[in-house]
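Side chains are part of it too, since the values below use all heavy atoms of this structure and drop only hydrogens, waters and symmetry mates. Quantities reported herein were computed from a predicted structural model and do not represent experimental measurements.
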Amino acid sequence: MVGEMRDKETARVAVQAALTGHLVLSTLHTNDAVTGITRLLDMGIEDYLVASTLNGVLAQRLIRRLCEHCKKRSTARTYEAVGCEHCGHSGYSGRIAITELLVIDDNFRELITSRASRAAMQEAAKKAGMKTLRESGMALVRKGITSKLEVLKVVSEA
């Protein structure tokens, strides 16, 4: 475990451990999964090392859950926060994660070593089936777990 990769030295240690066959888990502050790759490259890790050692990148955000006691249907498919004594009048009670998992396959390794743009990587990830943070959040909206407003607030801050 590497607590957090904030600089080139820490990232290099993680890469060296991965090169020797160790499973390395770490955190890296980015807005989404694809930006995790560009962040490593920006730190000065060589593209071929990123491509050969990275197996996946998981982006996550916590969003507030709608209070089960007072949530109100706003449309046929969505709910909104109201507020009651159970939730402290916020309309929300607890949190749940929205996630975005980017699995690094051979195609993605080629994109990394060719230094493809972030936009090109994002498009390739979506074509490969990656669900974005927004899509993950909107799935929870459709299930009545959170509000559209909450998802848009959290994802736009990312």
Got a second to check how far [X]'s [atom1] is from [Y]'s [atom2], nearest 0.5 Å?
| X | Y | atom1 | atom2 | answer |
| --- | --- | --- | --- | --- |
| R39 | M5 | CZ | CE | 9.5 Å |
| L149 | L66 | CG | CG | 10.0 Å |
| T53 | I104 | OG1 | CD1 | 9.5 Å |
| M1 | L23 | CE | CG | 9.5 Å |
| Y92 | C87 | OH | SG | 10.0 Å |

Taking all non-hydrogen atoms of both residues, which atom of G3 and which atom of T27 are closest, and how far apart?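 Reported closest heavy-atom pair: O-OG1, 2.6 Å.
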How close do L40 and A11 get, heavy atom to heavy atom, and via which atoms?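 Shortest heavy-atom separation between L40 and A11 comes out as CD2-CB, 4.3 Å.
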Which other residues belong to the hydrophobic cluster containing L58, where Ile, Leu, Val, Met, Phe, Trp and Tyr are joined when side-chain heavy atoms lie under 4.5 Å apart, directly or via other members?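 Under the 4.5 Å side-chain rule, L58 groups with L101, V103.
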Would you mind listing the cluster partners of V13? Hydrophobic ones only (ILVMFWY), side-chain contacts under 4.5 Å, chaining allowed.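 Grouped by the 4.5 Å side-chain rule, V13 forms a cluster of one, so the answer is none.
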For [X], side chain to side chain donor-acceptor pair (under 3.5 Å) partners two or more places apart:
| X | result |
| --- | --- |
| E4 | R6, H29 |
| T146 | none |
| Q122 | none |
| R64 | E150 |

Please list, one pair per line, the donor and acceptor atoms closer than 3.5 Å that link side chains of residues 136-145 to other protein atoms, with sequence neighbours excluded.
residue : atom : partner : partner atom : Å
S136    : OG   : T99     : N            : 3.2
R142    : NH1  : M138    : O            : 3.4

May I have all residue pairs that pass salt bridge (charged side-chain N to carboxylate O under 4.0 Å, His left out) and include part of [range], sequence neighbours excluded?
| range | result |
| --- | --- |
| residues 122-133 | E123-K127 |
| residues 111-122 | D32-R118, D47-R115 |
| residues 9-26 | R12-E46 |

L49: which of T113, L41, V15 passes side-chain contact (heavy atoms from CB on, under 4.5 Å):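 Single side-chain contact (heavy atoms from CB on, under 4.5 Å) partner of L49 among T113, L41, V15: V15.
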Quick check on side-chain contact (heavy atoms from CB on, under 4.5 Å): which of V151, N31, V155 does R61 satisfy it with?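 It is N31, the one option of V151, N31, V155 that forms the side-chain contact (heavy atoms from CB on, under 4.5 Å) with R61.
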Do other residues, nucleotides or ligands put more than 12 heavy atoms under 6.0 Å from the NE2 atom of H22?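 Counting neighbours around NE2 of H22, 12 or fewer heavy atoms of other residues, nucleotides or ligands fall under 6.0 Å, so no.
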Identify the residue among K72, R65, K71 that makes a salt bridge (charged side-chain N to carboxylate O under 4.0 Å, His left out) with E68.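 Answer to the salt bridge (charged side-chain N to carboxylate O under 4.0 Å, His left out) test with E68 among K72, R65, K71: K71.
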Test side-chain contact (heavy atoms from CB on, under 4.5 Å) applied to L102 and I37, step by step: CA-CA 10 Å; L102 171 60; I37 295 167; 3.7 Å; yes
Scan residues 32-71 for pairs that pass ring-ring contact (aromatic ring centres under 6.0 Å, His included), counting only residues two or more places apart or in two chains.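 Residue pairs passing ring-ring contact (aromatic ring centres under 6.0 Å, His included), neighbours aside: H69-H86.
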Report yes if the side chains of L28 and M43 come closer than 4.5 Å at any heavy-atom pair, otherwise no.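 Yes. Closest side-chain heavy atoms under 4.5 Å.
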Show me the donor-acceptor pairs, under 3.5 Å and distance only, between side chains in residues 75-84 and residues at least two apart or in other chains.
residue : atom : partner : partner atom : Å
T75     : OG1  : R77     : N            : 3.3
T75     : OG1  : T78     : N            : 3.2
T75     : OG1  : T78     : OG1          : 2.7
T78     : OG1  : S74     : OG           : 2.8
Y79     : OH   : R73     : NH2          : 2.6

Single-linkage hydrophobic cluster I112~L19, side-chain heavy atoms < 4.5 angstrom: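 Looking at the clustering, L19 is in the same group as I112.
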Same cluster or not: are M121 and I45 linked, directly or through other Ile, Leu, Val, Met, Phe, Trp or Tyr residues, by side-chain heavy atoms under 4.5 angstrom apart?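 Yes, because M121 and I45 connect within a single hydrophobic cluster, where side-chain heavy atoms sit under 4.5 Å apart.
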